[in-house]
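Everything on this sheet refers to the single structure shown next.
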Amino acid sequence: MTLDQQVQPSESGTRPDPVPERCELRYDQLFGWSVRRRGVQSFLALERGICAVTLPKLSAGPVIARLAANGCAGPALVIPMRRGPHVALLAEVDGLIPSRSELPEDAEVLAWGALLPLPDRARRDAAAEWLIAPDPRQRWLPSLDAVLAGISARR
């Protein structure tokens, strides 16, 4: 099962609220990100040129430090997975997405239609959290190539 399949929301019997949450409006207005709501959970829809590179949380520290040192740090989410917590580094698609065989073994690129759970301060059971929160003063995302270079350089 791919990471994308693991984080996809399941359809639940709860009805979504008719009024969007403030966070949904904030992500759309400040960053131009699409947010989808399924039941009580909000998800970042990876579209409009946004993708995410995921890797195990234990491997993410050096990558994030290298990206920050190079001026390429961007928002990062911690997402619980069956295989343990993973970090999703948000990036801008800047060309072709490499095939799975071209990526490091523990990395995966999610794009076009994948949904990442968003943190929700109002819910105690919300599992996702920002490791690096998006900053309205720095609205750009690092390029996918920069993030993949940061991951490859850790070896």
Side-chain angles (χ1 to χ4, degrees), residues 1-65 67-68 72-94 97-98 100 103-144 146-148 150-151:
M1 176 179 288
T2 68
L3 180 63
D4 185 29
Q5 292 166 329
Q6 292 182 47
V7 298
Q8 287 289 343
S10 60
E11 295 295 330
S12 65
T14 60
R15 293 188 339 212
D17 294 334
V19 179
E21 294 285 327
R22 276 189 294 178
C23 74
E24 293 174 32
L25 293 174
R26 179 177 152 230
Y27 291 127
D28 184 36
Q29 292 172 350
L30 291 178
F31 304 106
W33 299 349
S34 297
V35 176
R36 304 279 185 269
R37 194 153 170 87
R38 300 283 168 92
V40 296
Q41 178 68 51
S42 295
F43 294 86
L44 174 63
L46 299 180
E47 56 189 25
R48 298 182 189 173
I50 297 174
C51 66
V53 180
T54 62
L55 62 156
K57 185 177 180 183
L58 293 174
S59 304
V63 173
I64 291 170
L67 291 171
C72 295
L77 278 163
V78 177
I79 303 167
M81 304 297 300
R82 290 185 193 116
R83 303 173 304 203
H86 277 64
V87 172
L89 303 164
L90 299 185
E92 179 181 334
V93 177
D94 56 349
I97 293 178
R100 182 74 185 107
L103 297 172
E105 188 175 297
D106 62 348
E108 185 173 352
V109 177
L110 302 178
W112 297 293
L115 299 173
L116 294 177
L118 287 169
D120 186 347
R121 287 186 232 158
R123 293 180 49 221
R124 292 189 187 271
D125 65 336
E129 63 180 308
W130 287 111
L131 186 60
I132 301 173
D135 184 351
R137 295 168 293 173
Q138 182 179 329
R139 296 175 46 185
W140 62 274
L141 293 174
S143 71
L144 176 59
V147 172
L148 292 175
I151 291 171

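For the single chain, residues carry numbers from 1 onward in sequence order.
In this structure the side chain of Val63 never reaches within 4.5 angstrom of the side chain of Val87, judged on heavy atoms. Proximity of Leu44 to Leu90: side-chain heavy atoms (C-beta onward) are separated by under 4.5 Å at one or more points. Looking only at side-chain heavy atoms (C-beta outward), Trp33 and Pro134 come within less than 4.5 Å of each other. Between Phe31 and Pro75, the closest side-chain pair of non-hydrogen atoms is not below 4.5 Å.
The main-chain N or O of Leu118 is never found under 3.5 Å from a side-chain atom of Glu129 such that the two would form a donor-acceptor pair. Of the possible donor and acceptor atoms, one in the side chain of Arg100 sits under 3.5 Å from a partner among the backbone N and O of Glu105. Within the 3.5 Å criterion, the main-chain N or O of Leu115 finds no donor-acceptor partner in the side chain of Arg36.
Annotation: the span from Glu92 atom CD to Ile50 atom CD1 amounts to 8.5 Å, rounded to 0.5 Å. Interatomic distance, Cys51 SG to Ile97 CD1, rounded to the nearest 0.5 Å: 5.5 Å. Arg137 CZ to Leu30 CG: the interatomic distance, rounded to the nearest 0.5 Å, is 12.0 Å. In this structure, CG on Leu116 lies 4.5 Å from CD1 on Ile79, to the nearest 0.5 angstrom. Taken to the nearest 0.5 Å, the OG atom of Ser42 stands 4.5 Å off from the CZ atom of Arg37.
Qualifying side chain to side chain donor-acceptor pair (under 3.5 Å) partners for Ser34, counting only residues two or more places apart in sequence or in other chains: Glu47, Arg48. Under the side-chain contact (heavy atoms from CB on, under 4.5 Å) criterion, Pro98 pairs with Glu102, Leu103, Leu144, Leu148, not counting sequence neighbours.
Counting all heavy atoms, side chain and backbone alike, Val78 lies closest to Lys57 at CG1-CD, 4.1 Å. Closest approach of Leu77 to Pro117, counting heavy atoms only: CD1-O, 3.8 Å. Summarising the geometry of Ala146 relative to Leu67, their closest heavy-atom pair is O-CD2, 3.5 Å, with the distance given to 0.1 Å. Heavy-atom minimum distance, Cys72 versus Pro142: O-CB, 3.1 Å. The two residues Leu141 and Ala91 have their closest heavy-atom pair at CD1-O, 3.8 Å. Here the closest heavy-atom approach between residue Pro80 and residue Ala128 is recorded as CD-N, 4.3 Å.
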